[in-house]
Amino acid sequence: MNRAQMRTTTFAAVAVLAGSILAACGSGSGSTGASTGGSGGGAENAKVAFLMPDLASTRYELQDKPLFEARMKQLCPSCQVIYQNADSDAAKQQQQANSALAQGVKAIVIDPVDSAAAATMVKTAQSQQVPVIAYDRPIPATPADYYISFDNEKIGSMIAQSLVDHLKAEKAEGGILQVNGSPTDAAAGLIKKGIHSAVDPSGFKLLAEYDTPDWQPEKAQTWVSGQITQFKDQIVGVVAANDGTGGGSIAAFKAAGVKVPPVTGNDAEVAAAQRIIAGDQYNTISKPIKIVAEAAANVAYDFMQGKKPAGQTTLYNTPSQLFVPTVVTKENIKEVLFDSGIMKAADVCTGEYAQGCDELGIK
């Protein structure tokens, strides 16, 4: 089996696995694994909070919110989703959680700004018999009732190993910069751990690394600019923990007027797909938000009915579902993002990117 066949087979297997897990979750057949069971009874006319962390990543407004709301409407047409975005402010998210509880929600789905600070929200909600589903980012200090995410440590190892393999194939000589995510985000810590698992034994020197406050691309750009001044052409690759920090890293090299080395990403944002097509970004991670958003809605609906869905695994003493993502490079971007329907050529292949799309057969 050649490499292309292996990628296709793996992608298909992941899709089947994700579908089967979602089907099991949606059935509400789980019976164990959550610390609270909600207020019991039917979910008709119930409210559920969907609290997202920031606006720096475009995915929350453009994908997570509408996909979660659409699935909840399918499950419970009379239910109301209370959506709030904390815009990287942990105190604001605390106020939003308190407001949701005051409005009588029967479940809270939260992607925490600050994973440590979110422990207070979990305790407060659980004291009122309101279950908490940690979404995308875990809450290590106080177990939530459920955790749904793509496997963040796996994401880190996959993007870094993909870069390392590429650099070795190109016989690159030099070192790597590591641009991590927010230091207050436990998911960023898992991604960071995964990156180190691939970079540390790679034979490439880790020149420097940085924890990017609030995942801000501008802060990543500023830091990388300083490293370019210090290390110059020693930098042969950059492992960036998401597309925003990857984009900031690429902007730093362009502003310095030097060649952009291979740079990683994660989230498969439209801008990242365009950068990959243009040859500016080496890879990203496809983790279809529809999978986790719908899984979160399914689990929340179970809790709202007084059920206790079981996890497929346990992380931080929390019943969890961790889905496996797919690495995307120019070599497989057409298959993974466009042939699958995750992205549309009309949204990506605009202006200066049209020629690159044509060369890759993206239509």
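Count residues from 1 along the sequence. Remember, predicted model here, so these are calculated numbers, not experimental data.
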Step by step, would you call R59 with D136 a salt bridge (charged side-chain N to carboxylate O under 4.0 Å, His left out)?
CA-CA 12 Å; R59 53 167 282 196; D136 196 34; 3.2 Å; yes
Test log, rule side-chain contact (heavy atoms from CB on, under 4.5 Å), inputs V348 and L337:
CA-CA 11 Å; V348 178; L337 295 185; over 6 Å; no
As a quick check of understanding, evaluate side-chain contact (heavy atoms from CB on, under 4.5 Å) for I235 and F253, giving each step before the final call.
CA-CA 10 Å; I235 305 168; F253 285 97; 3.9 Å; yes
Stepwise salt bridge (charged side-chain N to carboxylate O under 4.0 Å, His left out) check, K308 with D302
CA-CA 7 Å; K308 294 184 178 182; D302 274 356; over 6 Å; no
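Looking at heavy atoms from C-beta onward, I191 lies out of side-chain contact with E153 at the 4.5 angstrom threshold. Using a 4.5 Å heavy-atom threshold, the side chains of I362 and I333 count as touching. Looking at L51 and V109, their side chains never come closer than 4.5 Å, going by heavy atoms from C-beta outward. Between V239 and V199 there is a side-chain heavy-atom pair separated by less than 4.5 Å. P261 places none of its side-chain heavy atoms less than 4.5 Å from the side chain of L167. Taking the side chain as every heavy atom from C-beta outward, K193 and H196 never approach each other to under 4.5 Å. Using a 4.5 Å heavy-atom cutoff, the side chains of K290 and Q63 are not in contact.
In this structure, the side chain of Q221 does not engage the main chain of S249 through any donor-acceptor pair within 3.5 Å. The main-chain N or O of D87 is never found under 3.5 Å from a side-chain atom of K92 such that the two would form a donor-acceptor pair. Proximity of a side-chain donor or acceptor of K171 to a complementary backbone N or O of K168 within less than 3.5 Å is not detected. Distance alone, capped at 3.5 Å, places no donor-acceptor pair between the D214 side chain and the Q216 backbone. Listed for the S127 side chain is no donor-acceptor partner under 3.5 Å among the backbone atoms of A125. For Q281 (side chain) and N283 (main-chain N/O), a donor-acceptor pair under 3.5 Å exists by modelled atom type. Under a 3.5 Å cut-off, the side chain of Y316 and the backbone N or O of T142 do not form any donor-acceptor pair. Counting only distance, with no hydrogens or angles, the side chain of S115 and the backbone of A186 share a donor-acceptor pair below 3.5 Å. Put simply, the side chain of K106 gets close to the backbone of M304: a donor and an acceptor are under 3.5 Å apart. Distance alone, capped at 3.5 Å, places no donor-acceptor pair between the D151 side chain and the L322 backbone.
The aromatic rings of W223 and Y210 sit parallel to each other, their planes meeting at less than 30°, with 60° as the upper class boundary.
Taking every heavy atom of both residues into account, I285 and N266 meet most closely at CB-OD1, 3.5 Å. The heavy-atom pair separating S162 from V327 by the smallest distance is OG-CG1, 3.8 Å. Taking each heavy atom of A268 and M343 in turn, the nearest pair found is O-CE, 2.9 Å. Summarising the geometry of K65 relative to E61, their closest heavy-atom pair is CB-O, 4.2 Å, with the distance given to 0.1 Å. Between L207 and F231 the shortest heavy-atom distance is O-CZ, 3.6 Å. Between P262 and V236, the closest heavy-atom pair is CD-O, 3.3 Å.
Other residues, nucleotides and ligands contribute only 12 or fewer heavy atoms inside 6.0 Å of the NZ atom of K254. When the shell of 6.0 Å around CD of Q103 is examined, it contains more than 12 heavy atoms from other residues, nucleotides or ligands. Under a cut-off of 6.0 angstrom, the local environment of CD in E44 is sparse, with at most 12 non-hydrogen atoms contributed by other residues, nucleotides or ligands. For NZ of K154, the number of neighbouring non-hydrogen atoms (other residues, nucleotides, ligands) closer than 6.0 Å is 12 at most.
Judged as a ring pair (Phe, Tyr, Trp, His ring centres under 6.0 Å), and not counting sequence neighbours, the contacts of F50 are F68, Y135.
Using a 3.5 Å distance cut-off with no hydrogens or angles, the side chains of N152 and S149 do pair a donor with an acceptor. Under the 3.5 Å distance criterion, with hydrogens and angles disregarded, a donor-acceptor pair is assigned to the side chains of T184 and S182. There is a side-chain donor-acceptor pair under 3.5 Å between D165 and Q161. There is no side-chain donor-acceptor pair under 3.5 Å between W215 and D54. Residues N98 and Q94 have side chains that bring a donor and an acceptor to within less than 3.5 angstrom of each other.
Between V179 and the choices V224, D211, T264, the side chain to side chain contact (heavy atoms under 4.5 Å, CB included) rule is met once, by V224.
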